[in-house]
Each structure stands twice: as C-alpha cells, then as structure tokens.
Amino acid sequence: MYRYLEQRLAVRIMEFLRQRYPETALPAVVIEQPPKVALGDFAIPLFPFAKPLRSAPLKIAESIRSEIGSIEGIAEFRVAPPGYLNVRIDRAWLALAQALARDHVPKEEATSGKILVEHTSINPNKAAHIGHLRNAVLGDTFVRLLRYAGREVDVQNYIDNTGVQVADVVVGFTHLVKKSRPEIDVLAREPRFDYYCWDLYARVSQWYAQDKQNLQARSETLHAIEAGNNETAAVAETIASAVLRRHLETMERLDIEYDFLPRESEILHLHFWDAAFTKLKSAGVLTYENDGKNKGCWVMRRAGTGKSEGQQAEQALVQESGGERVLEEEDQKVIVRSNGTVGYVGKDIAYHMWKFGLLGQDFGYRKFYRYPNQHECWISAIEGEKHHPHFGGVAEVYNVIDARQSEAQSTVIEALRELGHNEAADHYTHFSYEMVALTPRCAAELGYALSEEDKTRPYVEVSGRKGFGVKADDLIDQLIVSAKSEVDSRHPELGDEERRSIARQIAVGALRYFMLKYTKQSVIAFDFKDALSFEGETGPYAQYAVVRANGIFNKAALDADEFARNVANKIPAEEFSQFLNGEATDEIWELWLSSSKTSYVVNQCIATTEPAYLAKHAFQLAQLFNAFYHRHPILSEPNEKRKQFLLATVAVVRRELTRTLAVMGITVPPVM
RNA sequence: GGGCGCGUAGCUCAAUUGGAUAGAGCACGGGAUUUCUAAUCCCGGGGUUGCAGGUUCGAUCCCUGCCGCGCCUACCA
C-alpha cells in the first residue's frame with residue numbers, strides 16, 4: 001500500500017514538473033522518509049532541481065505544493081526548509097485500505113519466468129555448523145521473499161558427493177578406524193552419524209599432517225570414487241547419503257525444505273562436462289597452454305582481470321622486456337588439468353549451463369526425502385523415475401554462497417557471457433554473504449586452544465577440517481533447552497508436550513532472527529550470549545508482541561483475522577480520521593504507517609538481496625506495538641468507538657507482523 | 001604484490017544507497033503498570049563516523065593518499 005502510494009506520488013510530481021518545464025532535462029524524483037513522522041510521511045528533496053530549473057529549492061517546493069492539485073491518498077503538502085517538500089498521507093484513507101488488506105501489485109511484476117535459488121550446499125562428510133546455518137537461513141528466507149512477491153521458485157541444494165572432503169572421511173573409515181562395510185552401514189543409521197564423521201574428518205586431517213605419505217590414501221580414494229562402480233565408491237555413497245539425510249533433518253528443524261538435490265556424481269557420470277567442454281572450446285572461451293607453468297592445461301582468463309587501457313599499455317611494456325609469461329599466468333584460471341581431469345569451476349560452468357537450459361542434457365530424477373507435509377524432495381540419478389517434475393531451464397538464478405567464492409562465481413558468469421549467453425549471465429546473481437566466525441571468548445568456552453595472536457583478534461574462523469566450530473544441531477538443542485526452561489517456569493499449567501512445542505518455536509525464532517539481523521557483508525562474530533538471548537532485538541521479542549496481540553483478541557473472544565476483514569464496515573472513515581489526526585496520535589499513526597510497508601520492504605529485500613531489512617521491519621513493528629500496548633489499555637477503553645479503533649489497530653499490526661515473521665520462517669507460539 | 005570487503009557509542013550492529021538533530025540492542029544507572037501476563041515499557045549518560053585532503057547546496061556513504069583488520073589470489077572442492 002505504502003509502495004503504491006509512493007510510486008504514484010513520484011509519477012505525479014514528475015508529470016507536473018515536465019508539464020511546467022517542458023524544455024528542461026530533469027533529474028529523477030527521489031522519495032524519502034522524513035526523520036520524524038511529525039514532519040510528514042514522505043519527503044522529497046528538491047535540491048537536485050535547483051540548478052536545471054534555475055530556481056531555489058524552496059520556491060520549487062512551493063510551486064508544486066500550490067499547483068499540483070489533489071492526489072488520491074495524499075492529504076497535504078508542506079514546504080520545509082532548507083528545501084524539502086514534505087507529504088502527509090490521508091490517514092483515514094490509508095487506514096481503511098489497510099484494514100481491507102487491499103494491496104496494489106502492479107501487473108508486470110507477477111509475470112516473468114521461474115527462479116532457481118541454490119543454497120545450503122554443504123559437503124556431505126560432516127555435521128552442519130553455524131556457518132551453514134547462516135547460508136540456509138538466508139537462502140530459505142530469500143525463497144520466501146520471492147514467493148511472497150508472487151514468483152515461482154525452485155530450491156536446490158547442490159551436493160558435492162565426489163570431492164576430496166568425502167574422500168577424506170572414507171579414508172578415515174578405511175585407514176584409521178578400519179571399519180568393514182557392514183559396520184559402516186550400521187554406523188550410518190545412527191541418529192547423529194554426522195557427528196561421528198565430524199570427529200573422524202578432523203582426525204584424518206591430523207593424520208595427513210603427521211606424514212605426507214598418508215596423502216597417497218586420499219588420492220587413491222578420490223580416484224576410486226570418481227571412477228565409480230567399486231567398493232570404495234559404494235562406501236562413499238553410503239556415507240554421503242547418510243550425512244545428506246542428516247543435513248536435511250537438521251534444516252527441517254528450522255522449517256527449511258528443498259525441491260531438488262543435484263549431485264556432482266551425476267554431473268560426472270552423465271558427462272555434463274563433456275557437453276560443456278565442446279561448447280567452451282569451440283567458442284574460444286578456453287585456451288590450451290603449450291608451455292609455462294600451466295603447460296598442458298585448458299585455462300580461462302581469471303574473472304575481474306579485464307584489461308583497462310592503462311593496464312594494456314603496461315602489459316605491452318612487460319612483453320617487450322620479456323616478462324609476458326609471468327603476468328599472463330597470474331591471470332589464468334585452470335579449468336582442465338594437464339592430466340585431463342576437470343576442476344570444480346568447470347563442473348560448475350556445466351551445471352549452470354544446465355540451470356539455464358543451455359546444455360542440451362538433463363539429470364535423471366529419483367524421490368529422496370518426503371517432508372511431513374508430503375512435499376517431495378528429489379535427487380539426481382543416472383537412471384531416474386519415469387514420472388518426475390522438471391527442474392532447470394529457469395529464467396533467473398540466485399546462488400547463496402559465501403563471499404570467499406566470489407571469484408569462482410565471477411568466472412562462471414564470465415564463461416556464460418563469453419559463450420554468448422548474455423541474457424543468462426545478466427540473470428545470474430551471486431547472493432554473497434560473509435562468514436560466521438567465533439569470538440575468541442566463545443572459542444575458549446568450547447575448549448579450543450588459541451594462539452596468543454588469535455586471542456587478540458575480533459574473531460576466529462571456523463574450520464570443518466580442524467573440527468573447529470559450533471555444530472548446528474548443538475546450537476538448536478541448546479536454544480530449545482534454554483527456551484524450554486523459560487516456558488516451564490512461565491506456564492506450569494501446560495502439558496510437557498505443548499511446552500516443548502512452544503520452546504521449539506521460540507528457539508527457531510531466536511535462531512533465524514539472529515542469522516537475519518546482520519547485513520550480509522558483516523562477519524558474524526558468534527557468541528552464545530548473543531545467540532541465546534531472548535530479549536531486545538531478537539526473534540522472541542517480535543513473537544511476543546504477536547502473542548500479546550492475540551491475547552487481547554482471545555480475551556475479548558474475537559477472531560483477529562475476521563475482525564481485521566470486517567473492520568472497514570464497522571468503523572466509518574470519519575472515525576478513522578478523528579482518531580488518527582492530531583499531534584497526540586502520531587504514535588498510533590506510526591503503527592498504521594509501518595504496517596503498510598510490508599510489501600515495500602519485501603520488494604527492497606529482493607532488489608538488494610538483503611533480507612536484513614525484513615528483520616528490521618519486524619523489529620520496528622514489534623517495538624512500536626509494545627510501546628502502544630503499554631500505553632493504551634484496550635479492553636477497558638470506555639469509549640466504545642475508540643475501543644473498536646484500537647482493536648482495529650491491533651488487528652492490522654498483528655496481521656502484518658505475523659506475515660513478516662512468516663516470510664522470515666518464524667511462527668508464533670500460542671502463549672509465551 | 002594484485003583483487004574484494006571492512007573500520008560508526010564500552011560491546012554487537014543500523015543508517016531507506018548523497019539528505020533534516022548519526023540511530024537500535026546489549027551492558028551500566030535510575031524508574032513504571034494490582035490492568036489485554038514484565039521475554040515488556042519509560043528516563044539517563046555515553047560519538048572528532050580510523051587519519052588527512054578533495055568533489056558540492058549537503059559526505060558515515062563518492063574520489064585520492066595513508067593507517068589497521070579480514071577474506072580470496074592451488075593442475076583442492
């Protein structure tokens with residue numbers, strides 16, 4: 001609603017200025033929000049117009065104010081020094097529209113094709129840790145944002161089941177703990193098999209470090225896995241599938257689901273790379289090196305090394321002095337090794353050609369995992385089932401992958417572009433975010449020995465290889481225990497099962513909110529104190545606001561949704577106007593105004609791939625509501641008309657906050 | 001060395017992408033409702049936005065140069 005008004009306002013002002021100054025080239029109209037509601041609801045700075053119109057900003061503001069005429073939904077324009085035009089929304093108009101839940105979604109947005117979001121993508125060789133949680137929560141929330149905006153989305157979780165990481169754990173089973181296949185099969189059915197692998201993986205890394213000779217085992221194992229059809233490959237398959245199931249279970253605890261799990265083994269065995277390789281060679285994207293450091297390899301120009309004119313001149317100089325080789329090699333990215341095997345970037349290029357339907361090949365599909373809601377998650381297979389949904393061939397791709405991979409991601413985009421697929425390259429977004437690290441204090445609490453240098457750092461990087469980090473399930477367990485003890489003490493009247501269910505909702509709310517409140521490019525320095533907090537800017541704070549709102553309607557024996565739907569019939573516009581105008585009611589108006597911003601915020605989150613704005617929106621609504629709740633007794637309000645109006649306010653805020661939390665993947669408990 | 005990013009209150013982070021008096025949470029100190037349950041609310045101290053220049057009506061944001069920190073820069077994935 002807010003977004004609709006904003007857009008219409010911008011258009012009207014632009015039209016007005018064009019009409020008045022037909023000969024002049026004008027800058028775009030920017031609409032902002034004034035620092036305080038008392039100033040108005042929109043602010044238009046007119047400084048950029050001063051020069052082209054050769055007039056003072058205040059004068060321009062005044063001429064718009066007095067000449068533009070009336071606009072539906074806008075009550076008043078005010079000129080404010082040093083050069084703003086402040087706009088006041090017709091409060092009763094917006095309130096009625098909000099109460100009716102009318103939302104204007106421009107038609108063109110509902111069009112365009114399917115979107116593919118890839119997230120999670122954990123190597124299936126160890127338990128998920130908090131870094132993976134950030135990825136999955138960001139990805140899942142982004143999926144929910146897109147779906148809220150009416151887009152069709154497929155969720156993929158890429159499984160690298162044939163790489164060194166899986167090979168390392170296989171080495172652990174065969175060389176360190178020396179388990180037989182039947183023994184591994186039994187272990188793989190353990191409820192937390194991924195924890196077992198976590199420890200084993202760390203031991204294998206130490207074992208390699210002890211004696212470089214031990215690395216021989218890794219390379220033999222890796223080759224056997226890649227070749228397939230042998231004992232080692234079968235063991236790897238057992239381990240990777242079992243760990244993958246554990247990851248799906250862990251994410252399911254946070255209400256995160258997937259549609260399709262493409263695996264590297266199929267990319268390999270269905271020869272996706274061969275198809276891609278042919279196209280890359282004939283398009284001249286890859287070049288063969290005849291000598292130098294990368295002799296015998298097929299290489300690509302490293303992304304981000306496009307030569308500017310200055311650099312080209314510099315390179316010419318280097319070439320004259322015989323240094324050409326050195327500089328060029330630095331810009332090379334090896335795609336195919338001299339032994340003929342392809343690296344992961346090459347596989348990624350093939351995979352992304354498939355995503356956009358540019359490869360001319362497809363996976364086989366098999367059912368793999370069924371969620372309690374009957375939703376089916378599919379996995380890639382060499383020979384799939386006859387009937388299956390179609391994945392791939394999408395219009396847009398978002399890859400949720402941490403910032404350390406940005407160079408590799410750019411290389412893939414560059415390859416698509418050089419193949420002539422500019423359309424695809426333009427619709428490929430690397431949803432980049434920073435890692436989760438541990439504060440030195442947190443690392444110490446977990447019993448890790450830190451160097452003196454590390455102790456002085458703001459944070460220490462987690463490492464699966466070293467077994468250094470906080471496991472996802474451990475954190476979820478701790479959050480549930482902590483929430484459960486709070487619920488136990490507050491609600492002894494409830495049954496244990498119900499208290500447990502509430503505790504789970506609170507734990508998920510706390511965790512998901514925690515992962516979303518930081519902007520993407522901020523490194524999260526993880527600390528149990530912050531993550532386990534249920535007060536202040538947290539998920540439970542926002543959940544609690546909704547619980548309070550529900551409490552009012554429960555006590556009044558009213559259905560909040562029904563009340564919101566019918567409120568427009570019960571309260572005439574004049575009454576809205578009466579209760580929303582005047583200085584004293586700015587505080588209540590702010591609730592209505594903020595409530596109208598949900599689709600505006602959703603849009604902003606999608607455009608900037610930044611879900612943190614959603615968390616801020618939820619917090620703002622909750623904060624405004626809690627203050628309002630404290631200040632205005634509602635059920636005891638003597639003026640019946642005012643009471644209806646206050647109830648309407650609660651109903652609308654409740655609806656928008658519940659929606660916002662739902663997009664974040666957070667549900668609201670019955671009581672807290 | 002090169003590339004990307006960061007530096008804001010004691011701590012953890014925001015700042016609608018160049019706008020009005022730089023805001024929240026935590027921590028600390030003080031206070032509030034026999035009410036729709038206090039996982040709440042109100043008040044308070046706290047800032048030379050790393051440093052120095054520049055661009056303009058206006059800079060936390062853009063440019064240049066320093067200082068400090070992180071990540072990437074493998075014929076690993």
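Remember, predicted model here, so these are calculated numbers, not experimental data. Order of the sequence lines fixes the chain letters, A, B, ..., with proteins taken first and strands second; residue numbering starts at 1 for each chain.
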**Prompt:** Any idea if B:U17 is syn or anti, going by the 90°-from-0 cut?
**Reply:**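 Glycosidic conformation of B:U17: syn.
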Spacing of the [atom1] atoms in [M] and [N] (rounded, Å):
| N | M | atom1 | value |
| --- | --- | --- | --- |
| B:U60 | B:G68 | P | 24 Å |
| B:C11 | B:U48 | P | 13 Å |
| B:A15 | B:A24 | P | 14 Å |
| B:C62 | B:G5 | P | 10 Å |
| B:G7 | B:C36 | C1' | 46 Å |
| B:A9 | B:G47 | C1' | 6 Å |
| B:A32 | B:C69 | C1' | 44 Å |
| B:C71 | B:U16 | C1' | 29 Å |

Under 3.5 Å donor-acceptor, [X] side chain and [Y] backbone:
| X | Y | value |
| --- | --- | --- |
| A:S489 | A:E486 | yes |
| A:R499 | A:L494 | yes |
| A:H630 | A:N626 | no |

Determine the contact category for [X]: base if any of its heavy atoms lies under 4.0 Å from a base atom, sugar-phosphate if only primed atoms, P, OP1 or OP2 are that close, otherwise nothing.
| X | answer |
| --- | --- |
| A:E434 | nothing |
| A:Y459 | sugar-phosphate |
| A:I506 | base |
| A:V523 | sugar-phosphate |
| A:V487 | base |
| A:K295 | base |
| A:D530 | nothing |
| A:S338 | base |
| A:E264 | sugar-phosphate |
| A:Y629 | base |
| A:P48 | base |
| A:F534 | base |
| A:H632 | base |

**Request:** Starting from the C-alpha separation in whole Å, work towards a yes-or-no answer on side chain to side chain donor-acceptor pair (under 3.5 Å) for A:E32 and A:Y84.
**Result:** CA-CA 10 Å; A:E32 293 167 352; A:Y84 293 96; 5.3 Å; no
Ignoring hydrogens and angles, state whether a donor on the side chain of [X] or [Y] is under 3.5 Å from an acceptor on the partner side chain.
| X | Y | value |
| --- | --- | --- |
| A:Y344 | A:E264 | no |
| A:N157 | A:H247 | no |
| A:Q505 | A:Q543 | no |

**Asked** Considering heavy-atom distances to RNA chain B, does A:G343 or A:L635 have its closest nucleotide positioned more toward the 5' end?
**Response**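 Looking at the nearest nucleotide for each, A:L635 comes out on the 5' side.
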Measuring from the side chain of [X] (C-beta onward, heavy atoms only), which nucleotide among [options] has the closest atom?
| X | options | result |
| --- | --- | --- |
| A:A43 | B:A39, B:A20, B:G25 | B:A20 |
| A:T608 | B:A24, B:U17, B:G70 | B:U17 |
| A:A80 | B:U40, B:G70, B:A20 | B:A20 |
| A:E537 | B:A24, B:A15, B:U37 | B:A24 |
| A:N86 | B:C76, B:G25, B:A20 | B:A20 |
| A:Y600 | B:A39, B:C41, B:U16 | B:U16 |

**Request:** Report yes if a side-chain nitrogen or oxygen of A:R548 is closer than 4.0 Å to either non-bridging phosphate oxygen (OP1 or OP2) of B:U40; otherwise report no.
**Result:**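 No, outside the criterion.
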**Asked** According to a strict under-4.0 Å criterion, is A:Q623 in side-chain N/O contact with OP1 or OP2 of B:G25?
**Response**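 For B:G25, OP1 or OP2 has a side-chain N or O of A:Q623 closer than 4.0 Å.
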**Prompt:** Looking only at heavy atoms, which two atoms of A:K126 and A:H132 are closest? And how far apart?
**Reply:**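 Scanning both residues, the minimum pair turns out to be CE-CE1, 4.2 Å.
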**Message:** To check you understand the geometry: which heavy-atom pair defines the closest contact between A:I122 and A:A128, and what is its length?
**Reply:**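 Closest pair (atom of A:I122, atom of A:A128, distance): CD1-CB, 3.8 Å.
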Classify the side chain of [X] and the base of [N] as holding, or not holding, a donor-acceptor pair under 3.5 Å.
| X | N | value |
| --- | --- | --- |
| A:N294 | B:A74 | no |
| A:Q33 | B:U16 | yes |
| A:H491 | B:U37 | yes |

**Asked** Would the A:F42 and A:Y2 ring centres measure less than 6.0 Å apart?
**Response**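 That pair passes the under 6.0 Å test.
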**Request:** Decide if the gap between the ring center of A:Y351 and the ring center of A:F272 is smaller than 6.0 angstrom.
**Result:**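 No, they do not, as the ring centres are separated by 6.0 Å or more.
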Could you give the [atom1]-to-[atom2] distance, from [X] to [N], as a whole number of Å?
| X | N | atom1 | atom2 | answer |
| --- | --- | --- | --- | --- |
| A:Y541 | B:C41 | OH | C1' | 8 Å |
| A:Q543 | B:A39 | CD | C1' | 10 Å |
| A:K517 | B:G25 | NZ | C1' | 6 Å |
| A:N161 | B:C76 | CG | C1' | 16 Å |
| A:E535 | B:C41 | CD | P | 10 Å |
| A:F49 | B:G18 | CZ | P | 16 Å |
| A:M435 | B:G5 | CE | P | 16 Å |
| A:I335 | B:A74 | CD1 | P | 12 Å |

**Request:** Whenever both distances are under 3.5 Å in a Watson-Crick or G-U wobble pair, mark it; put RNA chain B into dot-bracket that way, with [ ] for crossing pairs and | when the partner is on another strand.
**Result:** (((((((..((((.....[...)))).(((((.......))))).....(((((..]....))))))))))))....
